[in-house]
Amino acid sequence: MSKVYRNPGSALEGLLFDEMFIAAGGFGLCGIPELLIGALREAGIKGLTIASNNCGVDDFGLGVLLKTRQIKKMISSYVGENAEFMRQYLSGELELEFNPQGTLAERMRAGGAGIAGFYTRTGVGTVVAEGKEVKIFNGETYVLETGIVADLSIVKAWKADTSGNLIFRKTARNFNPPAATCGKVCVAEVEEIVPAGSLDRDQVHLPGIYVHRLIQGEHEKRIEQRTTRAAA
């Protein structure tokens, strides 16, 4: 059965429902599954819990789902580039579970590896550890973090073969691999799809066993913060 679908809407068909939990790859505006995010907006599903490093910006990435009030809760590391994110959180309209970046990535990786939880020193003694179990190992305090298992993973890669093997380009190899593994179903959007067997197997970053559906599309290369200087 082919993993390749003709467009984002068809790739998500039959997978979406209100109150679902979604893991999304990307960091800032790099490596974000923008086409699949657009399809989520068009589908109109509500009450979403989304685990992702951040929530895009006000008019791009996951930020478009904030604008349409489709997100109920974010599990994130960073808020700063999105004014609507901050506004909704500070006004009590949006639930937010803060996670240090490494902890969030490891929670996704753990969920994908079938690990229910792990202990880490990160966040000990801060609000991150409030209400969580702590233990002492070798005289040091550790906090228990749980693995993330999402209903759906959406990720962005550079290239795929028709079997779903993925290659990520440079910084896009950030949260995408662990996010892809922790979903019960993973849908990937890519810039190019090649025949099975065309990729150098030593260059594959994520095996196709984790990827259930694929789309190919054109992507906008946005710069999150543009810094320039006058010509000499």
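The first residue in the sequence is number 1, and the count goes up from there.
Counting all heavy atoms, side chain and backbone alike, V128 lies closest to P100 at CG1-CD, 3.9 Å. In terms of heavy-atom proximity, L35 sits nearest to E218 at CD2-O, 3.7 Å. The two atoms that bring P177 and F168 nearest to each other are CG-CE1, 3.7 Å, heavy atoms only. The two residues A51 and I148 have their closest heavy-atom pair at CB-CD1, 4.2 Å. Residues A188 and V211 share a closest heavy-atom pair of CB-CG1, 4.2 Å. Residues L12 and A39 come closest through the heavy atom pair CD1-CB, 3.7 Å.
Partners of D161 by salt bridge (charged side-chain N to carboxylate O under 4.0 Å, His left out), not counting sequence neighbours: none found. With sequence neighbours excluded, the residues that form a ring-ring contact (aromatic ring centres under 6.0 Å, His included) with Y142 are F137. Take F21 and apply the ring-ring contact (aromatic ring centres under 6.0 Å, His included) test, not counting sequence neighbours, and it matches no residue.
Distance alone, capped at 3.5 Å, places no donor-acceptor pair between the Q70 side chain and the L65 backbone. Using a distance-only test at 3.5 Å, with no hydrogens or angles considered, no donor-acceptor pair links the side chain of S153 to the main chain of C186. For Q216 (side chain) and I193 (main-chain N/O), a donor-acceptor pair under 3.5 Å exists by modelled atom type. The main-chain N or O of A24 is found under 3.5 Å from a side-chain atom of S52 such that the two form a donor-acceptor pair. A donor-acceptor pair under 3.5 Å links the side-chain atoms of S2 to the main chain of V4, judged by distance alone. Panel note: side chain H205, backbone L166; no donor-acceptor pair is recorded below 3.5 Å. Remark: the backbone N or O of T146 is paired with a side-chain donor or acceptor of R107 at under 3.5 angstrom. A donor-acceptor contact shorter than 3.5 Å links the side chain of N176 to the backbone of K156. Listed for the T162 side chain is a donor-acceptor partner under 3.5 Å among the backbone atoms of A196. Panel note: side chain D18, backbone G47; no donor-acceptor pair is recorded below 3.5 Å.
E145 has its side chain out of reach of T122: every pair of non-hydrogen atoms, C-beta onward, lies at least 4.5 Å apart. Taking the side chain as every heavy atom from C-beta outward, I37 and F60 never approach each other to under 4.5 Å. Within the 4.5 Å cutoff, the side chain of E133 has heavy atoms near those of the Y119 side chain. Residues I215 and L36 meet the side-chain proximity criterion, which asks for heavy atoms closer than 4.5 Å. Using a 4.5 Å heavy-atom threshold, the side chains of I167 and L199 count as touching. L40 has its side chain within reach of I45: a pair of non-hydrogen atoms, C-beta onward, lies under 4.5 Å apart. Between L206 and T181 there is a side-chain heavy-atom pair separated by less than 4.5 Å. Contact of the R121 side chain with the E140 side chain is registered, since non-hydrogen atoms from C-beta on lie closer than 4.5 Å.
Here the straight-line distance linking atom CD of E97 with atom OG1 of T49 works out to 9.5 Å at 0.5 Å rounding. Going from atom CG of L16 over to atom CD of E42 covers 12.0 Å, rounded to the nearest 0.5 Å. We find the CZ-CG distance between F85 and L94 to be 5.5 Å, quoted to the nearest 0.5 Å. Within the model, atoms SG of C182 and CZ of R109 stand 11.5 Å from one another, a figure rounded to the nearest 0.5 Å. Interatomic distance, CD of E84 versus CD1 of I71, reported as 10.5 Å (0.5 Å rounding). A distance of 13.0 Å separates CD1 of I75 from OG1 of T103, quoted to the nearest 0.5 Å.
Within a 6.0 Å radius of NZ in K67, no more than 12 heavy atoms belonging to other residues, nucleotides or ligands are found. Atom CZ of R213 is surrounded by more than 12 heavy atoms from other residues, nucleotides or ligands within 6.0 Å. Counting non-hydrogen atoms of neighbouring residues, nucleotides and ligands closer than 6.0 angstrom, the CD atom of E13 reaches no more than 12 such neighbours. For I209, the CD1 atom counts as loosely surrounded, since its 6.0 Å shell holds 12 or fewer non-hydrogen atoms of other residues, nucleotides or ligands.
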Please assess K159 against R169 for the test side chain to side chain contact (heavy atoms under 4.5 Å, CB included), listing each intermediate value before the final yes or no. CA-CA 8 Å; K159 186 180 289 189; R169 183 165 173 77; over 6 Å; no
Check the pair E19 / L48 against side chain to side chain contact (heavy atoms under 4.5 Å, CB included), numbers first and verdict last. CA-CA 5 Å; E19 307 289 330; L48 302 177; over 6 Å; no
What do the steps show when you test N53 against N174 for side chain to side chain contact (heavy atoms under 4.5 Å, CB included), and what is the final call? CA-CA 10 Å; N53 177 69; N174 41 48; over 6 Å; no
Working for side chain to side chain contact (heavy atoms under 4.5 Å, CB included), residues S76 and N99: CA-CA 6 Å; S76 291; N99 270 200; over 6 Å; no
Between K184 and D151, is a salt bridge (charged side-chain N to carboxylate O under 4.0 Å, His left out) present by the stated rule, with each step listed? CA-CA 5 Å; K184 296 175 184 176; D151 297 307; 3.7 Å; yes
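Under a hydrophobic-cluster definition in which Ile, Leu, Val, Met, Phe, Trp and Tyr are linked whenever side-chain heavy atoms come within less than 4.5 Å, directly or via other members, L66 and Y89 are assigned to the same cluster. Placement of L214 and I154 in two distinct hydrophobic clusters is found when ILVMFWY residues are connected by side-chain heavy-atom separations under 4.5 Å, directly or transitively. No continuous path of ILVMFWY side-chain contacts below 4.5 Å connects F118 to V149, so the two sit in separate hydrophobic clusters. Linking Ile, Leu, Val, Met, Phe, Trp and Tyr whenever their side-chain heavy atoms come within less than 4.5 Å leaves Y210 and Y5 in two separate clusters. Following chains of ILVMFWY side-chain contacts shorter than 4.5 Å, one cannot reach L104 starting from V143, and the two form parts of different hydrophobic clusters.
Aromatic ring orientation, F27 versus F175: parallel (interplanar angle below 30°, classes split at 30° and 60°).
Using modelled atom types and a 3.5 Å distance limit, the side chains of Q101 and Y78 yield no donor-acceptor pair.
Shown are R69, K73, K72; of these, the salt bridge (charged side-chain N to carboxylate O under 4.0 Å, His left out) with E93 is made only by R69.
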